[in-house]
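Every chain is numbered from 1, with letters handed out A, B, ... down the list of sequences.
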Amino acid sequence: MDDENDVDGETLYCICRSADSERFMIGCDHCEEWYHGDCIGITTDDAKLIKRYYCDACIARNKNLQIQYKTKKKDRRTSESSEYEKFDKNQKDYRNKLREKMASKNKKASRKCGDCSACSRNEDCGRCDYCKDMKKFGGSNKLKQTCRMRQCTSYSNKSRSRGHAEVDDALETDDEVPRQCYGPSCVEPARIGSKYCSDECGMKLAKSRIYEILPSRIQQWQSSPCVGEENNKKVLESLREETIEARTRLKQLDVKIQELDLLVERGKQLTIVAEQEGTDQEEDTELSIYCVTCGTELNHKGALRHMEKCYLKFEAQTSFWSLYKTHIEGNSMFCDFYNPQQKMYCKRLKILCPEHTKEPKVSPDAVCGCPIATNLFAEGETLCRIAKRKCVKHFCWEKLRRAEIDMQRLRQWMKLDDLFEQERNIRMAMSNRMGVLGLMLHQTVDHDPLRVMKTIVS
DNA sequence: GCCAACGTTGGC
DNA sequence: GCCAACGTTGGC
């Protein structure tokens with residue numbers, strides 16, 4: 001503190017922090033600081049009436065302090081009373097003027113009442129989050145806020161939306177008179193602005209509080225039912241069921257893929273039968289078909305082929321990129337092509353991605369192999385044996401089926417993701433509820449006298 | 001120009 | 001509504 005009060009060997013006084021000791025000064029009988037009479041609105045005549053003077057800062061910190069007069073206040077009805085009243089009035093006027101002056105001079109000062117303990121602190125505590133953010137305490141200066149201990153308490157109780165963090169190590173009264181450290185069996189004086197002499201003592205007391213309170217809280221927690229906990233458990237159970245369902249569905253879809261693979265393999269064994277071609281050509285020759293993507297009128301023979309190409313053309317114009325590669329157990333359905341310039345991964349379905357998946361070349365001997373429908377909803381064992389290149393009925397059937405399965409797989413994975421997120425939130429709520437902090441901070445008081453009986457009986 | 005910190009903004 | 005982040009501003 002000496003360096004703050006000392007500049008170039010000179011002692012600094014008063015609220016003006018000047019070294020001037022030539023003019024009239026009065027000393028505070030509490031902090032022993034000296035104040036210029038004209039700086040604090042006290043004349044030499046006023047001083048004659050005062051027995052013990054306490055400065056504004058000390059009075060603000062300790063409400064028990066009051067300026068003591070040579071004649072007691074109750075005797076003020078005497079001839080001298082007018083003098084005291086005059087002095088009191090002067091002081092009030094002076095303070096009001098000072099406040100107005102400060103307010104007009106500095107808009108930022110409007111957040112300080114000037115009277116509370118926080119306003120009279122002249123050093124940052126160095127321990128709160130705002131102090132730790134400050135450059136002088138090695139912070140990054142992101143928060144740029146006033147030390148918690150210096151934030152005006154009057155202002156914070158009305159208009160500040162930001163909560164004043166209750167720090168256990170903070171003062172209740174902020175009385176800067178050193179007192180005994182609150183640490184268990186510690187006899188050292190507490191640090192100024194703290195209940196403790198050191199961080200260790202604060203931690204020691206916190207620890208012993210936990211040892212003292214926690215066991216009974218755990219017992220209480222275990223003996224009384226908690227509706228929130230029960231509800232959470234129920235939701236967790238239903239989430240678990242839904243997860244199992246989604247996983248079963250995924251397995252079924254995997255089986256579907258295997259079945260499709262087998263079907264394709266079976267088709268490969270077949271040879272082309274040309275006769276079927278003739279019968280098909282006669283059907284529906286007069287029907288008009290329009291492309292679902294571009295709207296052009298199409299010949300039914302080339303309709304599917306056109307629509308597929310047209311779709312791919314339009315699909316290629318839109319990109320679906322993500323910064324992250326997909327991590328899925330088993331085969332991923334995403335393209336996940338990595339673009340090194342953008343540093344991103346393609347998120348189209350792999351089977352449908354026109355940009356990064358090349359269509360396999362169809363050999364002239366390849367058979368279509370699509371199962372032929374026996375009626376609208378069922379398909380028989382018979383496979384289409386027209387040449388793959390020529391079959392207009394089942395164009396790209398295999399690709400579309402794979403895409404359909406992949407879409408269903410994707411839907412299930414998204415559902416699993418959603419279920420996982422919900423479970424995580426519930427588990428977090430549950431662990432918060434019965435975590436050390438939760439148990440220490442909250443407890444349930446049961447006001448129903450019958451409930452106690454029930455617990456005892458059961 | 002530097003610094004403290006107020007007041008606003010945007011994300012959650 | 002809360003809060004981290006930050007642009008801005010006033011004082012020095």
key: Counterpart residues, ring-ring contact (aromatic ring centres under 6.0 Å, His included), relative to A/Phe314 (two or more places apart)   = none

ask   = At under 4.0 Å, does any side-chain N or O of A/Thr146 touch on OP1 or OP2 of B/dC6?
value = yes

query = End-to-end bend of the helix from B/dG1-C/dC12 to B/dC12-C/dG1 (five-pair axes, 10° rounding)?
reply = 20°

ask   = Between C/dC6 atom C1' and A/Asn141 atom CG, what is the distance in whole Å?
value = 10 Å

query = Would you say the side-chain atoms of A/Lys347 and A/Thr326 include a donor-acceptor pair closer than 3.5 Å?
reply = yes

request  = Check the surroundings of atom CZ in A/Phe420: do more than 12 heavy atoms from other residues, nucleotides or ligands lie under 6.0 Å from it?
outcome  = no

side-chain contact (heavy atoms from CB on, under 4.5 Å) between A/Cys147 and A/Met134, intermediate numbers included = CA-CA 9 Å; A/Cys147 164; A/Met134 292 174 192; 4.3 Å; yes

task = Starting from C1' on C/dA5, measure out to NZ on A/Lys135 and report it in whole angstrom.
result = 15 Å

query = Rounded to whole angstroms, how far apart are CG on A/Leu143 and C1' on B/dC6?
reply = 14 Å

task = Whole angstrom is fine here: how far is it from CG in A/Asp133 over to C1' in B/dA5?
result = 11 Å

message = Testing the 3.5 Å rule here: is there a donor-acceptor pair between the side chains of A/Gln252 and A/Arg249?
response = yes

request  = Return the nearest nucleotide to the side chain of A/Gln145; candidates are B/dA5, B/dG7, C/dA4.
outcome  = B/dG7

request  = Name the closest nucleotide to the A/Met134 side chain, picking from C/dA4, C/dC6, B/dA5.
outcome  = B/dA5

request  = Rounded off to whole Å, could you give me the NZ-to-P distance for the A/Lys144 and B/dC6 pair?
outcome  = 13 Å

Gap between atoms NZ and C1', on A/Lys142 and B/dA4 respectively (whole Å) = 19 Å

query = Using the ring of each side chain (for Trp, its six-membered ring), is A/Tyr182 parallel, tilted or perpendicular to A/Tyr196, with breaks at 30° and 60°?
reply = perpendicular

ask   = Between B/dG7 atom P and A/Tyr130 atom OH, what is the distance in whole Å?
value = 14 Å

ask   = For the pair made of CD in A/Gln151 and P in B/dC6, what is the distance, rounded to whole Å?
value = 7 Å

message = The test is ring pair (Phe, Tyr, Trp, His ring centres under 6.0 Å); show your working for A/Trp413 and A/His327 and say whether it passes.
response = CA-CA 11 Å; A/Trp413 277 112; A/His327 293 285; over 10 Å; no

